[in-house]
Number of protein chains: 2
Amino acid sequence: MNKAEKKFREHLKREGLKSTPERMVILREVLSAKKHFNADELYESIHKHNKKVSRATVYRTIPLLVECGLIIETLRCQGRVSYERTFGFEHHDHMVCLGCGKIIEFKDDRLEELQTQICERYEFKQVEHRLGIRGYCKECVVKRLDKG
Amino acid sequence: MNKAEKKFREHLKREGLKSTPERMVILREVLSAKKHFNADELYESIHKHNKKVSRATVYRTIPLLVECGLIIETLRCQGRVSYERTFGFEHHDHMVCLGCGKIIEFKDDRLEELQTQICERYEFKQVEHRLGIRGYCKECVVKRLDKG
DNA sequence: TTGTGATTGATAGTCATTCTCAATAAAAAA
DNA sequence: TTTTTTATTGAGAATGACTATCAATCACAA
């Protein structure tokens with residue numbers, strides 16, 4: 001049992017919920033998921049490994065993982081909610097290329113500091129923040145120039 | 001005919017699209033809309049003024065207004081896309097209170113500058129950016145303390 | 001072991017949004 | 001001014017991501 005599983009089990013117990021095998025399967029899949037994933041991708045990934053967990057169960061488990069702090073909701077892609085792991089990862093932000101859909105992750109301590117100051121200015125107690133920048137990666141900038 | 005309408009008409013013409021009365025009605029409503037609105041609110045607002053424009057037309061027109069730079073998509077509220085005017089407004093960002101839903105708008109030039117630098121670092125040509133901070137406003141912080 | 005209530009699976013339901021298509025209309029061309 | 005072209009409309013059907021339902025099962029506390 002790894003740390004993430006332990007964290008999840010404790011969270012479930014604290015909330016008066018049960019640690020079912022399905023929930024553990026989903027967690028395991030999340031821990032090996034690619035960087036950004038949506039509910040459907042997670043469901044399919046589980047099924048690719050011959051684990052039979054219903055789609056509804058996947059959807060139901062996601063908010064539990066979010067509450068537990070193991071994953072967060074991140075950039076929407078094609079209007080769909082997507083998630084990424086937070087367990088063992090540092091907070092970061094994203095640039096999304098409108099051309100090719102590439103996601104560039106970045107972290108800048110100055111940004112973190114500035115956000116903290118801004119929140120203090122408004123006496124706002126921050127829980128989470130997200131910066132999303134949309135535009136064109138360098139490859140697409142070149143491509144768009146070529147196209148005229 | 002005001003500047004926004006002129007801008008919209010020119011954009012439509014440039015794109016080989018038509019300036020229909022319905023589109024102008026929708027634009028007028030957008031210009032008098034409250035700060036943040038969703039498609040349904042816009043539709044209802046139009047109907048409150050006895051203007052008969054179909055819901056589908058409202059949905060169809062929104063992306064045109066976005067392309068034209070008159071409105072932008074902004075914070076999602078209850079999973080629904082919401083919009084706000086950009087015409088005649090400065091870019092700003094949002095803090096959303098998880099307690100009461102209040103939206104605090106803010107602008108900080110240091111943030112704008114930093115984002116520009118970050119984009120330069122990655123050679124990313126920025127089209128738009130959004131920072132959303134979620135947490136608790138000072139009233140809700142107090143309320144939550146009271147509750148224990 | 002028993003009892004309780006959470007959880008599952010699979011499908012029906014929901015709802016914001018988009019699609020369809022015949023009729024209409026904006027605007028360019030004649 | 002009239003005709004032509006094609007974009008656009010309205011209204012309801014369709015879509016699809018996500019949630020609700022419910023009988024059966026199961027995790028876990030006693």
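Values reported hereafter were calculated over all heavy atoms of this structure, with side chains retained and with hydrogens, waters and symmetry mates removed. Throughout, a chain's letter reflects where its sequence line sits, starting with A, and its residues are numbered from 1.
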**Prompt:** Can B:Gln117 and A:Arg110 be counted as having a side-chain donor-acceptor contact under 3.5 angstrom?
**Reply:** yes
**Request:** Could you tell me the separation between the CD1 atom of B:Ile26 and the P atom of D:dT8, rounded to a whole number of Å?
**Result:** 12 Å
**Message:** Measure CZ/A:Arg14 against C1'/D:dC28 and give the value in whole Å, please.
**Reply:** 18 Å
**Request:** Using the side-chain contact (heavy atoms from CB on, under 4.5 Å) rule, take A:Thr57 and A:Tyr59 through it: C-alpha gap first, then chi angles, then the decisive distance, then the call.
**Result:** CA-CA 5 Å; A:Thr57 299; A:Tyr59 271 104; over 6 Å; no
All N/O contacts under 3.5 Å from nucleotides 10-18 of chain C to the protein, with atom names and distances to one decimal?
{"residue": "C:dT17", "atom": "OP2", "partner": "B:Tyr59", "partner atom": "OH", "Å": "2.6"}

**A:His49: partners by ring-ring contact (aromatic ring centres under 6.0 Å, His included), with sequence neighbours left out** = none
**Request:** Round to the nearest Å and state the distance from A:Phe37 atom CZ to D:dC18 atom P.
**Result:** 12 Å
**Request:** Establish, from distance only, whether the side-chain atoms of A:His36 and A:Glu105 form a donor-acceptor pair under 3.5 Å.
**Result:** yes
**Asked** Only one of A:Lys6, A:Lys7, A:Arg14 forms a side-chain hydrogen bond (donor to acceptor under 3.5 Å, both in side chains) with A:Glu10, so which one is it?
**Response** A:Lys6
Expected rows: protein N/O vs nucleotides 24-30 of chain C N/O, under 3.5 Å:
{"residue": "C:dA26", "atom": "N3", "partner": "B:Lys18", "partner atom": "NZ", "Å": "2.8"}
{"residue": "C:dA27", "atom": "OP1", "partner": "B:Ser19", "partner atom": "N", "Å": "3.1"}

**Asked** Quick one: A:Tyr43 OH to D:dA17 P, roughly how many Å, whole number?
**Response** 14 Å
**Message:** Can you confirm whether A:Lys51 is buried at NZ, in the sense that more than 12 heavy atoms of other residues, nucleotides or ligands lie under 6.0 Å from that atom?
**Reply:** no
**Message:** Tell me the interatomic distance from A:Glu41, atom CD, to D:dG16, atom P, rounded to whole angstroms.
**Reply:** 16 Å
**Item:** Euclidean distance, atom CD of residue A:Glu15 to atom P of D:dC28 [Å, nearest integer]
**Value:** 15 Å
**Prompt:** Between B:Arg9 and B:Glu5, is there a side-chain N and carboxylate O pair less than 4.0 Å apart?
**Reply:** yes
**Separation of D:dC28 C1' from A:Met24 CE (nearest whole Å)** = 13 Å
**Asked** Charged N to carboxylate O below 4.0 Å: is that the case for A:Lys34 and A:Glu41?
**Response** yes
**Asked** When the distance from CD1 of B:Ile46 to C1' of D:dA11 is rounded to whole Å, what number comes out?
**Response** 16 Å
**Message:** Pair A:Glu128, A:Arg130 - check salt bridge (Lys or Arg N to Asp or Glu O under 4.0 Å), show working.
**Reply:** CA-CA 7 Å; A:Glu128 66 113 19; A:Arg130 283 185 240 158; 3.3 Å; yes
